[in-house]
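Following: one structure in structure tokens, then a few remarks.
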Amino acid sequence: MKPRTKGYLFALLAAFFFSFIAIIGKGLVGSGIHPIQLSFYQYCFTVLLLTGWIGLRNPIALRPRRKLLGLYALQGIVGSLGSNLLFYGALMYLDAGLTSMLLFVNPVYVTVFFALTGLRAMRPVNFISVILAVVGAMIVLNVFSGGIHAWPGLGLVWGIGSGLTYAFYNVLADLKFQSEDPNVINLFASVSALVVSAVLLAATGIGYAIPLESLPSILLLASISGILPIFFIFKALKFIGSEQVTVVASMELPMTLVLAFTLLGERMAPIQLVGIVCIVGATLLLHGSE
């Protein structure tokens with residue numbers, strides 16, 4: 001197999017595994033597991049898996065630099081735990097496809113942040129991309145036909161919040177962690193998120209008790225969200241570079257829609273699929289302008 005073919009295959013595998021997060025998460029919250037419980041056990045497995053992986057490959061990396069501890073905590077609590085809780089919370093009210101769409105708009109928030117702060121220049125193509133993504137999201141939500149009222153308000157708020165907190169996660173990683181190992185960042189951010197989610201379970205009285213039969217699904221979710229996609233992305237980067245990887249990664253949203261249709265029986269009207277195409281196109285434009 002040619003190196004470039006391997007690269008595209010690895011990138012597709014990363015998008016494929018990412019697309020399963022909404023599907024598995026929808027099933028788990030639908031079974032009665034609270035988003036905080038789901039996040040807590042997901043982080044338990046993520047910390048265990050990453051500690052073992054990093055310990056085998058580079059044990060010295062398990063000793064974090066003190067000056068980064070605060071940033072790890074911020075990344076884990078606001079970026080990772082915040083987006084997880086809001087995303088799983090939205091799944092309690094919305095379809096997996098719609099929830100994923102609200103999360104997938106996060107590149108627009110990142111672009112707007114850099115434009116407002118002046119940290120990066122905003123080209124005309126960036127404005128076009130933002131407008132295209134916003135219009136696409138409005139089409140999916142049936143705003144133009146007045147159908148937005150059909151969606152639960154709390155689900156929409158949480159879904160938009162998940163996109164905002166995930167944008168925060170990406171901005172912080174871009175500004176502060178570019179020279180750090182992504183697995184190490186993920187590990188210590190997950191430790192912080194694990195501690196906070198444990199405190200939330202105790203403080204809210206939700207408790208830690210969940211059906212034992214759900215643990216394998218949560219283990220699978222932790223592997224899919226925190227281990228496998230990152231592994232395949234870095235494999236792909238070695239063969240085809242970041243620009244091509246980003247383009248292929250945009251397949252995540254359509255893949256989620258296909259899986260939601262196949263496994264969950266979710267459906268979207270043709271006009272809503274047009275909105276999805278607009279959002280994916282906006283994402284490609286944004287990354288292509290970098």
Side-chain angles (χ1 to χ4, degrees), residues 6-7 9-21 24-25 28 36-85 87-88 165-166 168-201 208 215-242 245-246 248-249 252:
K6 288 183 179 179
L9 177 59
F10 286 136
L12 279 172
L13 284 171
F16 176 71
F17 283 116
F18 270 130
S19 68
F20 262 101
I21 295 174
I24 298 174
L28 288 167
I36 303 177
Q37 291 176 318
L38 178 53
S39 297
F40 170 76
Y41 286 104
Q42 179 182 332
Y43 286 121
C44 284
F45 286 126
T46 299
V47 170
L48 288 174
L49 291 169
L50 285 175
T51 299
W53 174 257
I54 296 172
L56 289 173
R57 297 179 68 247
N58 184 21
I60 196 172
L62 294 175
R63 299 173 58 186
R65 288 187 286 170
R66 290 186 177 180
K67 67 177 183 179
L68 293 178
L69 288 178
L71 290 175
Y72 286 142
L74 189 62
Q75 184 76 312
I77 297 168
V78 179
S80 182
L81 180 60
S83 59
N84 266 357
L85 289 180
F87 184 75
Y88 295 145
T165 48
Y166 193 62
F168 173 87
Y169 183 96
N170 290 325
V171 167
L172 187 61
D174 188 11
L175 295 178
K176 300 296 183 180
F177 292 124
Q178 283 198 357
S179 62
E180 302 297 317
D181 183 341
N183 284 319
V184 174
I185 299 168
N186 194 9
L187 171 60
F188 293 111
S190 295
V191 169
S192 300
L194 174 62
V195 172
V196 172
S197 59
V199 171
L200 287 175
L201 285 177
Y208 302 91
L215 290 178
S217 295
I218 299 176
L219 173 59
L220 180 61
L221 180 62
S223 301
I224 286 176
S225 65
I227 306 296
L228 292 176
I230 294 175
F231 172 79
F232 285 120
I233 281 176
F234 276 88
K235 280 284 189 180
L237 286 171
K238 294 180 180 179
F239 294 106
I240 59 176
S242 60
V245 168
T246 299
V248 178
E252 177 192 338

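The shown structure was predicted, so the numbers you read here are calculated from the model rather than taken from an experiment.
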Quick one: side-chain hydrogen bond (donor to acceptor under 3.5 Å, both in side chains) pairs with a partner in residues 54-63, sequence neighbours left out?
none
Name all residues meeting the side chain to side chain contact (heavy atoms under 4.5 Å, CB included) criterion together with Phe45; count only those two or more places apart in sequence or in a different chain, and write none if there are none.
Leu215, Ile218, Leu219, Ala222
Name the orientation class of the two ring planes belonging to Phe20 and Phe16 (parallel below 30°, tilted from 30 to 60°, perpendicular beyond 60°).
perpendicular
Atom CZ in Phe177, atom CG in Asn186: separation rounded to 0.5 Å?
11.0 Å
For Ser80, give me all partners under side-chain hydrogen bond (donor to acceptor under 3.5 Å, both in side chains), at least two apart in sequence or on another chain.
Tyr43
In Å and rounded to the nearest 0.5 Å, what is the CD1 to OG distance from Ile24 to Ser19?
9.5 Å
Output all residues satisfying side chain to side chain contact (heavy atoms under 4.5 Å, CB included) with Ile54, sequence neighbours left out; order by chain, then residue number.
Ala61, Leu62, Asn183, Val184, Leu187
To the nearest 0.5 Å, tell me how far Gln42 CD sits from Leu28 CG.
9.5 Å
To check you understand the geometry: which heavy-atom pair defines the closest contact between Pro229 and Ser223, and what is its length?
CD-O, 3.8 Å
Non-neighbouring partners of Phe40 that pass ring pair (Phe, Tyr, Trp, His ring centres under 6.0 Å), sequence neighbours left out:
Tyr208
Separation between CG (Leu221) and OH (Tyr88), nearest 0.5 Å, reads 4.0 Å
Could I get the full list of side chain to side chain contact (heavy atoms under 4.5 Å, CB included) partners for Val78, not counting sequence neighbours?
Leu74, Phe168
Qualifying residues under side-chain hydrogen bond (donor to acceptor under 3.5 Å, both in side chains), relative to Tyr72, sequence neighbours excluded
none
Leu194 CG to Ser190 OG distance, which is reported to the nearest 0.5 Å:
8.5 Å
Give me the atom names and distance for the closest heavy-atom approach of Glu252 to Phe18.
CD-CB, 3.6 Å
The criterion is side-chain hydrogen bond (donor to acceptor under 3.5 Å, both in side chains); which residues satisfy it with Ser39, sequence neighbours excluded?
none
Does Asn170 have any side-chain hydrogen bond (donor to acceptor under 3.5 Å, both in side chains) partners at least two apart in sequence or in another chain, and if so, which?
Asn106
Kindly compute the distance separating CZ (Phe188) from CG (Leu68), expressed to the nearest 0.5 Å.
10.0 Å
With sequence neighbours left out, the residues meeting side chain to side chain contact (heavy atoms under 4.5 Å, CB included) with Ile77 are Ala73, Ser192, Val196
